[in-house]
Amino acid sequence: MVEAMSVEEQLLRQGGVASQSHSGPWEGRYGRFTPVQLRLTAQGDIEIISKPCPRYCLPFIRAPPGQIRGLDAIGASAEGRTLTIWHTLPPPKRSGSQARRRRRRLALTLQDEQGCVDAALAIRAAVSAAAPRRLLVVINPVSGRGRGQALFNKEVQPLLEAAGIQARVVCTTSKGHATELVTGQRPDQIDAIAVVGGDGTVFEVLQGMLNRPDGEAARQLPLVQIPAGSGNGLAASTGLWDVTTAVHALVKGCTSPMDVSSVLQPPARRVFSFLSLTYGMIPNLGGFVGCRAACDAGPAVARVALLEVRGQALFNKEVQPLLEAAGIQARVVCTNSKGHATELVTGQRPDQIDAIAVVGGDGTVFEVLQGMLNRPDWEAARQLPLVQIPAGSGNGLAASTGLWDVTTAVHALVKGCTSPMDVSSVLQPPARRVFSFLSLTYGMIPNLDIGTDHLRWMGSPRFVLGAIHQIMKQGAYPARVSFVDVRHGVVQGAGHVEEGTNGAGPPMRHIGAFQSLPDGSSGIASLDLPAPWQPLLAGEVQFFAACNIPWLDTNFHVAPGTLLHDGHLTLLYTLGRMGRLNGLRFMSAMDSGQHMGRLALERPIAFVLEPRASDTWIVVDGEEMAHRLTFVEVHPSLCRVIVYPRDPEAGEDVEAREDGGHSRGRASKAHRQS
């Protein structure tokens with residue numbers, strides 16, 4: 001319900017419907033030229049009498065309807081001197097249907113604002129006297145094709161306001177949420193419940209009405225389904241075949257008793273059914289019979305927490321049915337702002353779940369990783385397997401684990417095959433530390449990523465477009481880099497604890513000493529780096545990427561040969577500009593991983609980057625960092641991820657392939673048709 005109300009709306013709500021008993025007439029005009037007189041008949045019909053207008057206007061005017069039946073009218077609203085009358089068209093006589101699929105609104109301009117308010121109140125009193133004045137609206141925003149919320153805002157809310165119905169609107173966020181919302185609603189505070197959704201949402205609302213101590217009072221509340229789901233059995237059985245017909249019936253307030261069944265499964269489970277109980281062919285139409293037995297044979301995950309970002313409809317349509325078939329209990333939570341995924345995971349106890357699945361892109365995986373490791377019990381949290389169900393513009397983790405599409409990702413989750421994965425600490429003294437699973441980039445790649453953020457609606461093709469722009473631009477970016485080579489440094493396992501370290505997350509052996517730097521604004525030359533640190537470059541670079549996994553995006557096979565747990569980063573860079581022709585060849589070869597001969601390669605376990613260009617960014621896993629001295633260190637095998645399961649006939653594990661391709665064609669084709 002909108003908080004900001006006009007003066008006319010306040011008068012309409014404060015005055016009430018029953019306070020107006022007069023029937024007009026009210027003078028005004030229809031359109032720009034036609035004078036009209038509006039009045040109500042004793043039968044509750046609305047008469048609109050047109051008066052003669054100037055002869056020169058006759059060719060240009062359109063006459064208003066002479067009468068709107070009270071049975072067809074829904075209500076009226078006033079705004080200034082404009083009176084809007086909402087009504088439906090009667091169903092065609094030959095069709096034999098009661099559906100009122102077409103609605104209309106008629107706008108009249110009356111002589112004064114008070115008369116407009118009086119007319120609206122009188123029309124409401126005449127045509128919607130039986131309507132429930134206080135309505136609880138429960139919306140399933142992902143019902144049908146995910147249009148529940150939009151359908152309510154566009155089709156339902158204007159009609160409720162015109163009828164003078166005060167609606168308290170609540171949206172469900174997970175399975176069972178509608179039951180919780182209705183259980184927390186006092187029956188004496190509302191007059192009816194409307195469900196904008198399918199039969200599943202009606203079922204949940206019914207449990208909330210009857211599974212309560214005051215169920216006797218709650219059952220007296222009329223229930224209406226505004227059809228917005230894939231199955232709308234209650235709406236069809238009550239003659240409400242479309243949204244307009246359902247709202248029209250709600251306003252008219254005609255009710256009927258309905259039988260409800262108790263369904264008992266001893267010893268304790270009891271639910272209430274309004275629709276049906278089915279067995280055999282009808283349940284099999286869902287396509288899941290026999291799937292549970294097949295899934296139970298593998299190491300399926302028992303409990304999983306799911307994070308959704310702009311992928312709620314995809315989850316409900318593609319993911320949830322498969323999880324239910326596999327017997328996986330999913331706690332579903334939706335993010336609503338940047339950093340929300342971190343908060344959700346931080347508040348989740350590791351012993352209550354067995355894995356974490358992310359329905360989203362690499363940015364959401366990055367946030368989840370911070371919630372797993374920036375906590376006192378990070379040792380327990382890092383043991384939880386992590387899986388990305390690809391639904392973002394960049395899906396680097398999914399591509400690197402062989403999960404190229406949604407079905408393949410869910411299949412791998414059910415089979416439960418996991419692999420260790422290295423994670424890096426990224427430190428910007430004195431206080432900022434984040435954890436990276438993907439990459440740290442500087443120069444061309446951040447410019448094609450952050451620089452194309454306004455094209456996010458395009459999906460992954462925006463990166464290709466950004467790459468072409470950067471190659472044509474031929475920018476070069478000064479930087480200084482020093483590093484610890486994997487052959488000379490000491491690689492410590494994830495469980496190693498360095499003396500004197502504190503705080504959340506694993507300790508940092510090579511870069512921990514730099515946490516005491518005041519602000520990170522000093523240069524590498526002032527650090528006096530000890531052995532085994534050594535300088536790498538001091539000059540202009542065009543391409544600079546420190547990769548932890550082989551694919552940075554489904555179109556960019558940047559670091560072929562990189563494994564998920566090889567204990568080091570793959571640092572790729574170019575000195576100076578590569579040229580436009582070489583740049584285009586470089587980009588075209590990147591998808592197949594044939595570009596490595598055009599780049600310099602190092603394998604550090606730690607490095608420090610001093611950015612010296614102002615026209616680019618430092619980007620970690622797609623997230624922009626401050627433009628200052630940045631330290632990076634690898635923690636080998638710190639976390640676990642779910643990967644595409646091993647093919648016994650091929651005799652290889654997906655994450656052990658040397659080409660880094662992870663059986664892209666085999667993985668995606670094998671399950672795309674399931």
Side-chain angles (χ1 to χ4, degrees), residues 1-2 5 8-23 40-41 43-46 68-78 83-90 98-100 103-106 117-139 151-153 155-170 185 187-196 205 209 218-228 234-235 238-258:
M1 189 163 47
V2 180
M5 295 185 294
E8 290 75 11
E9 288 173 330
Q10 294 178 23
L11 288 172
L12 288 172
R13 292 185 179 178
Q14 293 171 5
V17 176
S19 64
Q20 299 295 325
S21 59
H22 62 278
S23 57
L40 298 174
T41 68
Q43 293 77 27
D45 298 334
I46 305 170
I68 300 174
R69 295 191 309 163
L71 180 62
D72 300 331
I74 292 177
S77 58
L83 176 71
T84 304
I85 303 173
W86 295 82
H87 64 100
T88 64
L89 298 182
Q98 297 299 317
R100 296 171 174 267
R103 66 175 189 178
R104 293 289 185 269
R105 61 178 179 177
L106 175 68
V117 172
D118 292 343
L121 290 173
I123 291 173
R124 289 182 184 178
V127 304
S128 61
R133 294 299 155 197
R134 301 170 301 170
L135 182 68
L136 174 65
V137 181
V138 180
I139 301 176
L151 183 144
F152 172 78
N153 293 329
E155 304 288 340
V156 181
Q157 192 170 23
L159 301 181
L160 297 182
E161 293 176 352
I165 297 175
Q166 300 180 23
R168 180 193 169 216
V169 182
V170 292
Q185 175 66 57
D188 60 343
Q189 293 180 340
I190 57 175
D191 300 319
I193 300 176
V195 178
V196 182
V205 168
M209 293 174 64
R219 78 177 185 87
Q220 305 294 337
L221 295 172
L223 181 64
V224 61
Q225 180 184 26
I226 297 174
L234 179 60
T238 51
L240 313 181
W241 293 95
D242 57 83
V243 175
T244 303
T245 306
V247 179
H248 176 267
L250 172 64
V251 170
K252 297 306 176 183
C254 183
T255 64
S256 170
M258 179 180 72

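- Side chain of Lys252 to main chain of Ile74: no donor-acceptor pair is present (N/O by atom type, distance under 3.5 Å, no hydrogens or angles).
- Atom OG of Ser77 sits about 9.5 Å away from atom CD1 of Ile85, to the nearest 0.5 Å.
- Annotation: side chain of Ile190 is not in contact with side chain of Arg168 (no heavy-atom distance under 4.5 Å).
- In this structure, Thr245 contributes its side chain and Leu240 its backbone to no donor-acceptor pair below 3.5 Å.
- Contact annotation: the side chain of Thr238 never approaches that of Val224 to less than 4.5 Å [non-hydrogen atoms, C-beta and beyond].
- Here Ile193 contributes atom CD1 and Leu223 contributes atom CG; the two are 6.5 Å apart, rounded to the nearest 0.5 Å.
- Residues His87 and Val127 have side chains not in contact (no heavy-atom distance under 4.5 Å, counting atoms from C-beta outward).
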Residues Ile46, Leu40; criterion side chain to side chain contact (heavy atoms under 4.5 Å, CB included); working and verdict: CA-CA 5 Å; Ile46 305 170; Leu40 298 174; 3.7 Å; yes

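- Just one of Val156, Asn153, Val169 meets the side-chain contact (heavy atoms from CB on, under 4.5 Å) condition when paired with Ile139; it is Val169.
- Heavy-atom minimum distance, Ile123 versus Gly75: CG2-C, 4.3 Å.
- The line from CG of Asp72 to NE2 of His248 is 6.0 Å long, rounded to the nearest 0.5 Å.
- Using a 4.5 Å cut-off on side-chain heavy atoms (C-beta onward), Leu160 and Phe152 make contact.
- Looking only at side-chain heavy atoms (C-beta outward), Leu250 and Leu135 come within less than 4.5 Å of each other.
- Using a cut-off of 4.0 Å between Lys/Arg side-chain N and Asp/Glu carboxylate O, Arg134 and Asp191 are scored as salt-bridged.
- Closest approach of Ala162 to Arg124, counting heavy atoms only: O-NE, 3.0 Å.
- Between Val243 and Pro227, the shortest heavy-atom contact is CG2-O, 3.8 Å.
- Summarising the geometry, atom CD belonging to Glu155 is positioned 11.0 Å from atom CD1 belonging to Ile226; distances are rounded to the nearest 0.5 Å.
- Using a 4.5 Å cut-off on side-chain heavy atoms (C-beta onward), Val251 and Ile165 make contact.
- From Arg69, atom CZ reaches atom OG1 of Thr41 across 12.0 Å, with rounding to the nearest 0.5 Å.
- Residues Leu136 and Leu221 have side chains not in contact (no heavy-atom distance under 4.5 Å, counting atoms from C-beta outward).
- Between Asp45 atom CG and Ile68 atom CD1 the span is 10.0 Å, to the nearest 0.5 Å.
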